[in-house]
Every structure is written in C-alpha cells, then in structure tokens.
Amino acid sequence: MQEIRLHNTLTNRVEPLIPVHPGEIRIYTCGPTVYASAHIGNFRTFMFQDILRRFLGAQGYRVLQVMNVTDVDDRIIQSAAAAGIGIREYTEKYIQAFLEDISTLNIEMPEELVRATDHIEDMVALIETLQQKGLTYNSEGSIYFRISKFPEYGKLSKIDVQGMQAGARVDVDQYDKENARDFALWKAPKPGEHFWETRIGPGRPGWHIECSAMAMKYLGDTLDIHTGGVDLAFPHHENEIAQSEAATGKPFSRKWLHAEHLIIEGQKMSKSLGNFYTLRDLFAKGHKPSTIRFLLLSVPYRRQLNFTEEGLVQARNSNERLRNFTARLKDQQFPPGENEELHRRIEKAERDFDVCLADDINTATALAVVFDFVRDMNTAMDSGGFLQQNAPRAVATMEKFDSVLALLKDDDDEKLAKLGFTSHTARMPAAQVDALIEERNAAKKRRDFKTADAIRQKFADSGILIEDMKDGTVRWKYK
Ligand code: AMP
Ligand code: ZN
C-alpha cells in the first residue's frame, strides 16, 4: 500500500493519512443544498471526492463515506414557503435530479446519503449536550453557540477572533469572514415557515448543526476526512468544529480537505451569480457526460478549474484517445510472444499512477502518466514491438487506471437517451458518418435497400442531414 499524503486545511500541511480505524477511512462530505439543480461547479467538488474515495478503495481501504443532503436551510424554507408547499415536497425533485446527475457522471454513491430532515432528533440531542455544558444561550426563541467558550474558534479558517464582539450573533446560515459571531444552533419559527416541535422548543436547526450531528452519528466522534468546497471552510466547517469538539472533547476530523472553485470568466460559478451551467445545459449544447467527467477531474483539486468551451473540446479529444487506445488493445492482432521490456514499462506506469494520486490526489500528473503510457504503447504497436502477451496486461493496466478515472465505458449515448437527449446531441463523429455513407453506397449498389434505408434512418435519428448529389456523391452536415 502506497503512503497517501493529503493537504490538511487545519495545519496547512501535506500530511500522511493515518486511519483512526486501521484499514478503514471514514469520510464526511457536505452534500448539495437541494433548492435548485446542482451546477458543474458543485460537481467539481463532488468529482474530487469521487476520485478520492475511488483511489482509497483501489489502495485497499474500506471506505465509509457519508454525504448529507441539506434539505433544510434558509433558502429552502423560504422557497418552499413561497411555493406554498412543504419542504420535503419542494426538495424531492432536486434530490432526484442530484442522484440522476451523479450517476450520469459515474460518481459513486456514498455508503450513506442522509437527509437533514431525517435527523432532527440527533440535532436536538447534540444541542442539549451543548446546553448542559453551558455553551449556549437563548434569545427570542433561538439557541446560539457562544463562540467565546471555545478558545480554538478560528483554527480552521485562521480568522482573527481578537476583535470579536462578545455576544454579537448571527441568524443567517451563510455569512462572511468579517463577522465571527455567535451562530444559531436552533432557530425560532417564523410565521408561515416550516418548523418542528421538539424538547428544546419549536423551530428548526441551523445549517451547521446538521452536519455535526449526522457526521458523528454515522462515523463516530473523530472522522478521518471531512471534505467540501473552499467556500465551506468558514463559517460552516469552523462552526462544525466548534460544536462537535465542544460537545465531545475530541478532535472532530483529523483532516479537512477543501476543493478550490470552478471559475468561469474569472468568477466563481455560483447559483447566486447566475453564471452557471447544469449538466443538462451542457448536454443540450452537445457535450457528453464522459467529457464533463474528464474535464472536472483533470485539474488537481487544490487548483482552481477555469471552465471554457475549449477545455471541453480538449477533454473530449483526450478521452477519445484513451478509448481508441483501449479498443486497439482489444481488437488488434499482435505477433506472438511477450516483450519483457514493455512488460516492465507497463508495471512502471501502474506504480507511477499510484504515486501521483498518493501525492495529495494529483490527477494532472496521474493523467500525464496515463497518456505517456498510451503514447509508448502505441509507438510499440506501430513498430511491431508490442506482442500478443503484452495485450492482456496492458488492458488490465487501463482497467486499473479506470477504477479511479471511470472514463472508458462508452455509454454516453445511452445515458443521454435516458435523460431525453437524442444521441445527435452527442454528435456522431465525422469519421463514423463517412464510414456509414460508404456502407450505404455499397448497400445501394448491391440493391440492398433495406440496409440503405436503415442507415438513412440512423442519420435522421442522429441529427445528420444527408443530401444525395447528382454526381453520385453524398453531402452531409449536422442539423
Ligand atoms: P451547495 O449545494 O451550495 O451546498 O454546494 C455543494 C458543494 O459544492 C459544496 O462543497 C460547495 O463548496 C461546492 N461548490 C459550490 N460552488 C462551487 C464552485 N464554483 N466550484 C467548486 N465547488 C463549488
Ligand atoms: Zn456540511
């Protein structure tokens, strides 16, 4: 097993991963807030978490990942009230869309996907513990955490709490760094908004307590890894640490991993700025699920990912190179025997791939290893040096890479069709169009009109317009 080193926001260092429970890694992931469809910025962070869990699994760890669904927060409560429906009803369609999206992107399901609204009792119990320890106070029906009682407040986000005003409090779930304040654990009900009747009074939980309660319920008092996007470090994760550690007296998470943002035209992609694309937006523009997966995983998580259309085109071409190479490995007949030198080259690629990912999940260097491998194998095939018995080993290597990357399975069209996009949105490659035209010409020549018609229909289904010219040639274009 490779020593895995990860950057820890808490210490600002890259440190070895040493599991709390040998052989097992317990991860808590802040999941989506389900008041709208997730955008590809969100998926940048979820993709990083997928690569992380897949790599840990490939390294032989048992992974226990819990992801929450934030189905109660300020925005959800307000939007549901405005729509005149309950919050479960309001969030249901976004939860389903999220599940559909992660499956489309080959993001593995966490072992537990848990909803905040199913854990109100756990949150109430945690707030009671904090109350018993004298760390809270009540004001106008809400319960606040007194951050001056937790001297380590600020240790994750490194905010300066010196000038902090004791007793100043904040009710909103999201606020900026300048405002280190006592935050709401439990919020008094507002007229017309959803609330729960509980032992600590009527109301609803604050956002931060949701994650503390669910993380500790499923993963124990101390987790191995807690992840999210960088925007969550303050106040969300800082507050999670305060509540959890004040309640248990133990470290809440050994490591905090934060993914940098996906940006577009210099700005963070976000729902509030309106500068976002959902997966469906990109499918409608003709992009494939695997292209988006490739793009999102290609930039290491601690570097910002600058989203552009050209980036998507490159991602598509790169992924096609991987798929074509794998097809060549499986389809081509090679001379008998085994090339020992190539065998060693193959083994080295496998080792190097792991070394790159073990270095704080560096997907860029890991992909460079894969493409160097593909180039060297192609060269050997062209020169006749690649032999029959090298093929199964090279296939196994590509499969090993793919257990982490999950890019090779050619099921984009199927996935798109399931979502109601005809496969033409994924654009039949020009080479395939040309080959089909030739096939159609040949069919016509032998008066096999059934086949010729079937091909014409395939073009129609794929959004390709063909025109038979007088001189016998065929012109075509994408619709
Ligand atoms: P939300 O649904 O807003 O709670 O966000 C879900 C996840 O996406 C969180 O981990 C956020 O930090 C992350 N996130 C939001 N916007 C971006 C972005 N532009 N780039 C990367 N991650 C993001
Ligand atoms: Zn969270």
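Computed over heavy atoms, backbone and side chain alike; hydrogens, waters and symmetry mates excluded. Atoms within a ligand are numbered from 1 in the order they appear, just like the ligands themselves.
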Quiz item: To the nearest 0.1 Å, how far is atom 11 (C) of ligand 1 from its closest protein heavy atom, and which atom is that?
Solution: D231 OD1, 3.6 Å

Quiz prompt | Y218 and H119 aromatic centres sub-6.0 Å | solution = yes

Quiz item: Strictly under 4.0 Å, does any heavy atom of T70 approach an atom of ligand 1?
Solution: no

Exercise. Check for a donor-acceptor pair, side chain of E24 on one end and backbone N or O of R62 on the other, with a separation under 3.5 Å.
Key: no

Quiz prompt | Shortest protein contact, atom 8 (O) of ligand 1 (heavy atom only) | solution = N42 ND2, 3.0 Å

Exercise. List the closest protein heavy-atom neighbour of atom 10 (O) of ligand 1: residue, atom name, distance to the nearest 0.1 Å.
Key: G229 N, 3.0 Å

Quiz item: Is the Zn ion (ligand 2) less than 2.8 Å from an N/O/S atom of C211, whether that atom is in the backbone or a side chain?
Solution: yes

Quiz item: Near F46, which atoms of ligand 1 are under 4.0 Å from a heavy atom of that residue?
Solution: 6 (C), 7 (C)

Quiz item: Are any N, O or S atoms from C30 nearer to the Zn ion (ligand 2) than 2.8 Å?
Solution: yes

Practice problem: Just jot down the ligand 1 atoms closer than 4.0 angstrom to any heavy atom of T45, in number order. | Solution: 10 (O), 13 (C), 21 (C), 22 (N), 23 (C)

Exercise. May I ask you to decide if the ring planes of H236 and H208 are parallel, tilted or perpendicular, using 30° and 60° as cut-offs?
Key: tilted

Quiz item: K271 heavy atoms, cut-off 4.0 Å: which ligand 1 atoms fall inside?
Solution: 2 (O)

Quiz item: Centroid-to-centroid, F353 to F55, below 6.0 Å?
Solution: no

Self-check item: Proximal ligand 1 atoms for G228, defined as those under 4.0 Å from one of its heavy atoms
Solution: 10 (O)

